[in-house]
2 protein chains.
Amino acid sequence: MSCINTLKEKGLKLTPQRRLIVDIIHDAEGHLTAEEIIRYVQARMPGVNKSTIYRTLDLLEEAGCVYKSELGKECIYHHEQEGHHHHLICRRCGKTIDCGSDIFKPVQKSLSEKYGFRVEFKHIVMSGVCKQCRNTSK
Amino acid sequence: MSCINTLKEKGLKLTPQRRLIVDIIHDAEGHLTAEEIIRYVQARMPGVNKSTIYRTLDLLEEAGCVYKSELGKECIYHHEQEGHHHHLICRRCGKTIDCGSDIFKPVQKSLSEKYGFRVEFKHIVMSGVCKQCRNTSK
DNA sequence: ATAGTTAATGCACCTGGTTGCAATTATATT
DNA sequence: AATATAATTGCAACCAGGTGCATTAACTAT
Ligand SMILES: [Mn+2]
Ligand SMILES: [Mn+2]
Ligand SMILES: [Zn+2]
Ligand SMILES: [Zn+2]
């Protein structure tokens, strides 16, 4: 909803492609991979070029409407309404666990104190080994 | 030095390409990007294919001889002797700060307690804003 | 030293993502 | 409603990294 207004306020043109991409991100729950977004866009509007989609996603990120992050080599996007959160992904079984945005607070604090450096952690995907897998294949 | 032994112990063949790649990683101080490694290898041994280099690097990582991580979209590698450490990179001025491996301890602890999940943080490159840039462009 | 086995290499092609540029189109102005 | 203009699109080419497969070369056994 408000993404369109944000674009308008920034003086950006409201093309059908952009409207569609915004729609898709609004309708999604959780995050979408770039591949999913491309697929959904082209299903509803064949012929839209992937470069247009990537450019629009960058633009929406720049505007603060979506958050972009990395899952392995892929880019994933989620709507700003979802708020910041992180994921744990098990290297062995692939299971994912969601976790809150506050776990990096101590890191941010110590880096700020030691170096005066402000790090932003947004939608980090952390790889590791889950409880079950740790017990099982011991 | 010991990387060669590790490969030998694992029953892997000691090709000239592999020896060269190991040499380059030994001689380097700090980390190298894949691009640097490819350039150095091909300078000394023209014709070595990039897929060979990437495969060797994966192999060395698998064997625990080098650590692989990501700097932006690029892969970077450093020798295991360097030990685990992390970097802060300023989004505005590009300056980098090295920091120790212990800053993520609190995160590891809380994720372990809450979810029984063990996350490994190795050579993380964190983007943010440095002290100077924060003061300057306020 | 020779031959055989098996792993490693180079090649060609693929993937996700990015970029320069000419053609198109959304918006502002008349 | 028609025009002007600046932004956006599609395209084609590019990039880093990865993969399947036929050829080559490192080790093993003779
Ligand atoms: Mn998410
Ligand atoms: Mn480093
Ligand atoms: Zn698991
Ligand atoms: Zn800075």
Side-chain angles (χ1 to χ4, degrees), chain A residues 3-25 31-63 65-77 125, chain B residues 3-25 31-63 65-77 125:
Chain A
C3 296
I4 295 292
N5 291 335
T6 308
L7 293 182
K8 208 177 283 183
E9 280 164 27
K10 291 211 159 196
L12 295 161
K13 292 184 178 173
L14 292 179
T15 64
Q17 293 92 331
R18 286 180 179 171
R19 287 175 193 279
L20 174 54
I21 292 165
V22 166
D23 274 6
I24 285 168
I25 287 167
H31 50 242
L32 295 168
T33 65
E35 187 270 325
E36 287 170 326
I37 297 172
I38 291 171
R39 189 150 38 84
Y40 297 159
V41 167
Q42 293 180 342
R44 288 214 247 157
M45 195 186 274
V48 176
N49 195 271
K50 60 176 180 165
S51 59
T52 300
I53 298 170
Y54 283 115
R55 278 189 285 230
T56 301
L57 291 169
D58 284 354
L59 198 107
L60 289 168
E61 195 209 4
E62 190 82 7
C65 295
V66 307
Y67 299 135
K68 173 185 185 174
S69 42
E70 333 236 316
L71 176 58
K73 292 268 109 177
E74 291 187 312
C75 292
I76 57 185
Y77 302 83
V125 181
Chain B
C3 296
I4 295 292
N5 291 335
T6 307
L7 293 182
K8 208 177 283 182
E9 280 164 25
K10 291 211 160 195
L12 296 161
K13 293 183 177 173
L14 291 179
T15 65
Q17 293 92 330
R18 285 180 180 173
R19 287 177 194 277
L20 175 54
I21 291 165
V22 167
D23 275 5
I24 285 167
I25 288 168
H31 50 241
L32 296 167
T33 65
E35 187 270 326
E36 288 170 326
I37 296 172
I38 292 172
R39 188 151 38 85
Y40 298 160
V41 168
Q42 293 181 342
R44 287 213 247 158
M45 195 187 273
V48 177
N49 196 272
K50 61 177 180 161
S51 58
T52 300
I53 299 171
Y54 282 117
R55 278 189 285 231
T56 301
L57 290 169
D58 283 355
L59 198 106
L60 289 168
E61 195 209 4
E62 190 83 6
C65 296
V66 308
Y67 299 136
K68 173 185 186 174
S69 42
E70 333 235 315
L71 175 57
K73 293 267 108 178
E74 292 189 312
C75 292
I76 57 184
Y77 301 84
V125 181

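Note on naming: letters A, B, ... go to the chains in the order of the sequence lines (proteins, then strands), and numbering restarts at 1 for each one.
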Suppose we screen for ring-ring contact (aromatic ring centres under 6.0 Å, His included). Which residues come up paired with A:Tyr67, at least two apart in sequence or across chains? A:His78, A:His84
Does a nitrogen or oxygen in the side chain of A:Gln17 sit under 4.0 Å from OP1 or OP2 of D:dG10? yes
Among D:dA26, D:dG17, D:dT9, the one nearest any side-chain atom of B:Pro16 is D:dA26
Rounding to 0.5 Å, atoms CG (B:Leu60) and CD1 (B:Ile21) come to a distance of 7.5 Å
Result for 5'-nearest mapping on DNA chain C, choosing between B:Ser51 and A:Ser51, is B:Ser51
I want to check one thing: is the phosphate of C:dT18, taken as OP1 and OP2, less than 4.0 Å away from some side-chain N or O of A:Tyr54? no
Phosphate contact (C:dA7 OP1 or OP2) by B:Thr15 side-chain N/O below 4.0 Å: no
I want to check one thing: is the phosphate of C:dT9, taken as OP1 and OP2, less than 4.0 Å away from some side-chain N or O of B:Arg18? yes
So if I take every side-chain heavy atom of A:Asn49 and compare against C:dG17, D:dG17, D:dC11, which nucleotide ends up nearest? D:dC11
Between C:dT18, D:dC27, D:dG18, which nucleotide has the shortest distance from any of its atoms to the side chain of B:Leu14? D:dC27
Can you tell me how far the CD1 atom of B:Ile24 sits from the CZ atom of B:Arg44, to the nearest 0.5 Å? 5.0 Å
Starting at NZ of A:Lys8 and ending at C1' of D:dA7, how long is that distance when rounded to a whole Å? 17 Å
In whole Å, what is the span from the CG atom of A:Leu59 to the P atom of C:dT19? 14 Å
Separation of D:dG17 P from B:Lys68 NZ (nearest whole Å): 8 Å
Side-chain donor/acceptor of B:Lys73 to base of C:dG17, under 3.5 Å: no
Please state whether the phosphate of C:dG17, meaning OP1 or OP2, lies under 4.0 angstrom from any side-chain nitrogen or oxygen of A:Arg55. no
Name the closest nucleotide to the B:Thr52 side chain, picking from D:dA16, C:dG10, D:dT9. C:dG10
With a 4.0 Å cut-off on heavy atoms, is A:Gly11 in touch with a base, just the backbone sugar-phosphate, or nothing at all? nothing
